[in-house]
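Written out below as structure tokens is the structure these notes cover.
Just so it is clear, the model here is predicted, and its values are computed rather than measured. Both backbone and side-chain heavy atoms feed into the values below; hydrogens, waters and symmetry mates do not.
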Amino acid sequence: MTTAPPAEAAKTAALLSPSPTSVPRPTAPAAPPVRRVPLVVSGLLGAGLTAYVWAAHGAKPGVLLLLGLALGVALFHSRFGFTSAWRQLVAVGNGTGLRAHALLLGTTATLFALLIGTKTGLFGSVPAPSAGPLGLGLLIGSFVFAVGMQLGGACASGTLFAVGSGQTSILLTLGGFIAGATLAAWQFDLWKDLPALEPVVMADHIGWFGSWAVTVLALAAIVLVSRRVQARRNPPPIGPVPSARGAAARVLRGSWPLAVGALALAVLGAGVLLVSGGAWGVTSAFSLWGAELVRALGGHPESWSWWQQPGNKEMLAGPVLADKTSLTDIGIMIGAAVAAALGGTWTLHRGVPWRTATAAVLGGALMGIGARLAGGCNIGAYLAGIASGSLHGWIWGASALLGTWAGLRLRPLFGLGNPKPGDGVC
């Protein structure tokens with residue numbers, strides 16, 4: 001029997017150990033009692049809507065709604081976000097959230113390679129990679145989106161699960177998000193011809209195994225660099241959230257470790273690809289909901305160039321509750337409400353300061369506009385793009401980090417704080 005040399009064993013142990021923080025992470029407080037009324041209401045709403053969608057539109061939309069419900073539970077119980085992770089990284093060098101992103105991206109890339117490479121799908125769907133053009137729209141849109149994240153207080157998926165948990169200020173962010181996405185769709189002719197190159201998908205050049213290997217190696221490098229940065233800057237730890245005591249209770253009531261959330265989201269996101277043939281996305285539904293509101297008020301969004309594009313035209317013509325992205329978005333909000341009620345933290349936040357409210361609406365509008373310009377958000381472009389081996393996903397992430405830096409400098413104008421090295425938590 002052979003053993004690793006002491007020096008190599010020490011390096012391995014150091015690599016697997018948690019990255020250092022300036023102080024130990026505080027113990028998570030105990031979860032409050034279950035909120036029974038919100039739990040019953042959200043549970044009945046989820047069950048009733050699933051039954052209706054299944055009966056009215058078939059099994060495929062019904063399964064997509066169920067996947068959305070599960071995504072909402074996973075997002076809330078793990079508090080898996082992108083906005084706070086990038087803010088912690090840029091402000092104080094805490095890369096914990098970014099390393100959770102790497103696990104999510106790597107696992108999703110593995111599952112995508114298996115499904116797309118073998119053309120495995122359900123309900124007659126054929127899984128396809130998510131790819132986007134490389135141009136000014138991508139650079140500007142992802143930068144603007146990231147600024148909006150830091151002002152609005154949540155990303156695309158974070159907005160949905162925060163709204164489900166009753167956060168009033170994020171409801172304002174969602175309203176701004178829908179308005180911005182609708183405005184960008186209305187003014188599609190102003191930005192549709194921005195200079196751009198054709199999409200680049202690595203699998204088209206080096207095959208799916210090669211694409212997967214390059215993606216995983218790049219993510220591993222990001223993990224190593226983030227650990228070095230964190231070791232040098234020695235930031236505060238991430239603040240804990242209320243957690244149930246005991247393994248079984250934690251599964252149902254939270255909180256889940258970020259790694260568990262990443263794995264759960266990867267599996268569920270792959271489920272969306274398996275069922276629908278397309279990657280999990282968020283923001284196209286916001287443009288659709290805004291268009292339906294415009295139509296209800298007497299407008300004619302079907303005459304807009306955006307809604308005359310292939311794919312978009314069919315989306316607007318069909319029922320909202322048969323639209324893939326609308327189903328998963330609605331499911332996330334309801335699933336998060338169930339999870340928040342089980343965790344005892346569901347509550348309506350009142351008395352939002354006017355500067356916070358202004359930042360929420362403005363941030364949401366910037367995210368809506370940015371997502372349309374960039375061809376997606378932190379889910380539809382960043383996650384789905386990188387997992388598909390598409391170059392546009394990597395560019396989206398790099399540009400969003402720059403936008404995060406800019407957004408952090410705007411937050412104090414609206415009374416919003418940023419993590420500091422001397423804080424107890426970030």
Spell out, as yes or no, whether a donor-acceptor pair under 3.5 Å connects the side chain of [X] to the backbone of [Y].
| X | Y | answer |
| --- | --- | --- |
| Arg99 | Ile222 | no |
| Gln230 | Thr21 | no |
| Arg253 | Ala244 | no |
| Ser211 | Gly207 | no |
| Arg372 | Thr283 | yes |
| Ser226 | Val223 | yes |
| Ser399 | Leu139 | yes |

Return the minimal non-hydrogen interatomic distance between [X] and [Y], and the atom names on each side.
| X | Y | value |
| --- | --- | --- |
| Ala357 | Leu172 | CB-CD1, 3.6 Å |
| Ala30 | Pro242 | O-CB, 4.1 Å |
| Trp346 | Gly164 | NE1-O, 2.9 Å |
| Leu265 | Ala74 | CD2-CB, 3.9 Å |
| Gly62 | Thr50 | O-CG2, 4.3 Å |
| Ser130 | Ala279 | CB-CB, 4.2 Å |

Hey, which of [options] is the one that makes side-chain contact (heavy atoms from CB on, under 4.5 Å) with [X]?
| X | options | value |
| --- | --- | --- |
| Phe123 | Leu274, Leu64, Val275 | Val275 |
| Trp280 | Leu71, Leu273, Thr325 | Leu71 |
| Met367 | Thr173, Leu174, Thr83, Leu362 | Thr173 |

Got [X] and [Y] here, is their nearest side-chain heavy-atom distance under 4.5 Å?
| X | Y | answer |
| --- | --- | --- |
| Asn94 | Leu89 | no |
| Met315 | Trp307 | yes |
| Glu292 | Arg295 | yes |
| Thr120 | Leu114 | no |
| Thr96 | Gln88 | no |
| Trp394 | Thr215 | yes |
| Cys377 | Cys155 | no |
| Asp329 | Phe286 | yes |

(request) Could you go through the side-chain contact (heavy atoms from CB on, under 4.5 Å) check for Asn378 and Leu383 one step at a time? (result) CA-CA 6 Å; Asn378 57 294; Leu383 171 58; over 6 Å; no
(request) Just do the side-chain contact (heavy atoms from CB on, under 4.5 Å) check on Arg87 and Met149 with the steps written out, would you? (result) CA-CA 10 Å; Arg87 180 162 62 240; Met149 281 198 305; over 6 Å; no
Going by the angle between their ring planes, with limits at 30° and 60°, are [X] and [Y] parallel, tilted or perpendicular?
| X | Y | result |
| --- | --- | --- |
| Trp86 | Trp396 | tilted |
| Tyr382 | His101 | perpendicular |
| Trp212 | Phe209 | tilted |

Could you grab the distance from atom [atom1] of [X] to atom [atom2] of [Y], nearest 0.5 Å is fine?
| X | Y | atom1 | atom2 | value |
| --- | --- | --- | --- | --- |
| Ser305 | Gln187 | OG | CD | 10.0 Å |
| Ile386 | Leu219 | CD1 | CG | 6.5 Å |
| Ser255 | His77 | OG | NE2 | 9.5 Å |
| Leu366 | Gln150 | CG | CD | 12.0 Å |
| Trp304 | Thr182 | CH2 | OG1 | 6.0 Å |
| Leu402 | Phe143 | CG | CZ | 6.5 Å |

(request) Report the C-alpha separation of Ser84 and Arg79 in whole Å, then their side-chain angles, then the decisive distance to 0.1 Å, and conclude whether the side-chain contact (heavy atoms from CB on, under 4.5 Å) test is met. (result) CA-CA 10 Å; Ser84 59; Arg79 306 301 200 276; over 6 Å; no
Might you confirm whether atom [atom1] of [X] has over 12 heavy atoms from other residues, nucleotides or ligands at distances under 6.0 Å?
| X | atom1 | result |
| --- | --- | --- |
| Trp54 | CH2 | yes |
| Arg36 | CZ | no |
| His205 | NE2 | yes |
| Lys313 | NZ | no |
| Trp289 | CH2 | yes |

(request) Indicate, with yes or no, if the rings of Phe80 and Trp256 have centres closer together than 6.0 Å. (result) no
(request) Using only heavy-atom distances, determine whether the side chains of Ser390 and Ser388 contain a donor-acceptor pair under 3.5 Å. (result) no
(request) Could you tell me whether Arg411 sits above the aromatic face of Phe414, with NZ or CZ closer than 6.0 angstrom to the six-membered ring centre and within 45 degrees of the axis? (result) no
(request) Take Tyr52 and Leu321 through the test side-chain contact (heavy atoms from CB on, under 4.5 Å) and record every step on the way to the result. (result) CA-CA 9 Å; Tyr52 170 78; Leu321 289 179; 3.8 Å; yes
